[in-house]
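What follows is one structure encoded as C-alpha cells, with my remarks underneath.
Sequence lines set the chain letters: A, B, ... in the order given, protein chains first and strands last, and positions in each chain run from 1.
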Amino acid sequence: MASVHWFRRDLRLADNPALVAAVDRARADDGLVVPLFVVDPALWRTAGAPRLAYLAASLRALDDELGGRLVVRTGRATDVLPAVAREVEARSVHVTAATEPYGRRRDEAVAHALGDVELVPTGSPYAVAPGRLTTGSGTPFQVFTPFRNAWLDHGWSAPAPLPHTPRWAQVPTDGVPDGPDAEVDLPAAGERAAHDRWHRFLDDALDEYGTERDRPDVEGTSSMSIPLKFGELHPRTLLADLAQRQGASVATFRSELAWREFHADVLWHHPSARTRSLRVVVPEDSWAHGAAADEAFVAWTQGRTGYPLVDAGMRQLLATGWMHNRVRMVVASFLVKDLHQRWQRGADHFMAWLVDGDVPQNQLNWQWVAGTGRDAAPYFRVFNPVLQGEKFDPDGDYVRRWVPELRGIAGKAVHQPWRVGTPEGYPERIVDHKAEREVALEAYGRGR
DNA sequence: TCCCTATTGTG
DNA sequence: ACAATAGGG
C-alpha cells in the first residue's frame, strides 16, 4: 500500500517528521511514497507575485532533491487529495499539521473528503506546537515573557533523521508551475540554499547579532524568515545548531524564534486576530478616510512619503520582496500613527509583497506596532522616522541605496533632506510628523 | 525594540 | 549651551 506525503509549508527532506512517518508507513505496507504538492488556484490567486515566484523556485529545488519525482497536481485540495489517494491506492496521507485559520479549515475539509483514507498530521512548523503551552491556571498565554519562559522550560525534540531509504512512486505530474514574472531580486530558494545561508550566518554574523540585527545598512540579520515561512528549514534545526554555540547573541536569536512561536500560539487561540484587533485602542472615527487618505496610502506603498527611512523601506519591499525588521516597525508605525490608517490595510500590502509573508507573523507584528495586540507596544509609542534613521542607519547608507534621489546628500543628513534643500524629484513630506503624532495621541486619549 | 517635555545640574 | 533624569502619553 502506498502512502502520500502532502508537502505544504515543509518544503524539505531533512528534519521532517511527517515525511518520516509517510516513509515508515509505506515501508511497513511494502509500498511506495508519493511526494505531492497541490497547486490550489485559490491560494495561487491570493499570494502576491514575489512569494509565488519564490514558491515555484523552492518547488523546483525540492523536485531536484527528489530526483525529479515531485508530483504536482492543480486543483482544490478537497478534490485532488481523494483523487490521488484513489489513483495510487493509498491508505494514508501524511502532513505537517497546519496551525493557521485557513489551513486548519482546509485540513478538516480534506480529512472529511478523504473518507476511509487517513489524514495523519505529524509535527508542526514550530518547535513547540501552538496551543501546547498554557499558564499555570490552564489559560493561553497573553504575555510574551512568561510564554518564552514556559517555552524554554518545555524544550523541543532533536531534529528528525532523514527518511530511511524512501522509495518514491512514479506518478503522472502536472509539473512544477512557472512562477509569475516577479520583477524582484529573489534569494536562492530550496533546502540546500537555506542551509548554506544559515551556516554563513552562524559563522559570520551570529556573534554580532545582538547589536547588528537592528542595522538595516548592514547584513546583520539571519535572513531566515523566508526559509522558515516555506519550511525549507525547521526551527528545531536552528535551535539544535544554536545549542552548540556560545555568546550573548545566542539567547537573543533564540528569543526571536520564541516571538515567532508566541505569535503562532496567539493566532491558534484567537483565529479572529488575522483580521481583527485583539484590543481596540482608538475610537473608530479617528481613522482617516476618503480620497486624501487613499492618496497618502499610495504614497506610502510607493515610498514617496518624503521621510527617507520610510521610503527606503517601502522601496526595498517592492524591489526585493523583503524589508529589514527594524524598518518594518518604522513604516508600520508611520502608516498607523502618522497617516492614521488601520493596521489591516498595511498588513494586506505586506502580505501581497513579502516573500516571507506569513499570516501569524505578519498580522501579529502589525498588531504589536499598532498597539492592538495583547502584549503589544503601547499605542503611545510612536516611532520618529528621523531619529530611527539617525540611530540605526547612522551613515545614511541604507537610505541612499534605496532612494537614488537622495544620493547627493552625504552622511546622516540624508535623513532630513528638507534641511539642506530637497533634491529635484524627491517629494516633500506628505505630513508633519510632530503634528500627526499629537493627533494620534489625542485619539488615544479619547479612546481611554 | 518610543519619544517628547520639563527640570535640574554643569560649565 | 548641553547632559542627565523624571514623568507622561
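One side chain, Arg326(A) or Gln388(A), offers a donor N or O that lies under 3.5 Å from an acceptor on the other. The closest side-chain donor-acceptor pair between His324(A) and Gln316(A), if any, does not fall under 3.5 angstrom. If you check the side chains of Gln344(A) and Gln363(A), you find no donor sitting under 3.5 Å from an acceptor. When only modelled atom types and interatomic distance are considered, Trp198(A) and Ser222(A) share no side-chain donor-acceptor pair under 3.5 Å. With no hydrogens or angles considered, a side-chain donor-acceptor pair links Thr237(A) and Asp15(A) at under 3.5 Å.
The distance from atom CG of Leu309(A) to atom P of dC3(B) is 11 Å, rounded to the nearest whole Å. Look at CG on Asp432(A): it is 11 Å from P on dC4(B), rounded to the nearest Å.
Classification of Asp294(A) and Arg345(A) as a salt-bridged pair holds, one side-chain N sitting under 4.0 Å from a carboxylate O. Ion pairing of Glu208(A) with Arg215(A) is absent here, as no side-chain N (NZ or NE/NH1/NH2) approaches a carboxylate O to less than 4.0 Å.
Listed by residue number, Glu256(A), Trp259(A) are the residues of residues 255-262 of chain A with a heavy-atom contact under 4.0 Å to DNA chain B. At a non-hydrogen distance threshold of 4.0 Å, Arg326(A), Met329(A) from residues 321-342 of chain A come into contact with DNA chain B. The stretch residues 383-393 of chain A touches DNA chain B through Phe383(A), Asn384(A), Leu387(A), Gln388(A), each having a heavy atom within less than 4.0 Å of the strand.
Taking the ring axis of Tyr379(A) as reference, the NZ or CZ atom of Lys337(A) stays within 45° of it and closer than 6.0 Å to the ring centre.
By the side-chain hydrogen bond (donor to acceptor under 3.5 Å, both in side chains) test, Ser249(A) pairs with no residue at all, sequence neighbours left out. By the side-chain hydrogen bond (donor to acceptor under 3.5 Å, both in side chains) test, Ser137(A) pairs with Thr135(A), sequence neighbours left out.
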Set out, line by line, the N/O atom pairs under 3.5 Å between protein and nucleotides 2-9 of chain C.
unit_1: dG9(C); atom_1: N2; unit_2: Phe380(A); atom_2: O; d: 3.2

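A donor-acceptor distance shorter than 3.5 angstrom exists from the side chain of Asp393(A) to the backbone of Asp397(A), with no hydrogens or angles considered.
Under a cut-off of 6.0 angstrom, the local environment of CZ in Arg274(A) is sparse, with at most 12 non-hydrogen atoms contributed by other residues, nucleotides or ligands.
Between Trp259(A) and Phe262(A), the angle of the ring planes goes over 60°, which puts this pair in the perpendicular group of the 30/60° scheme.
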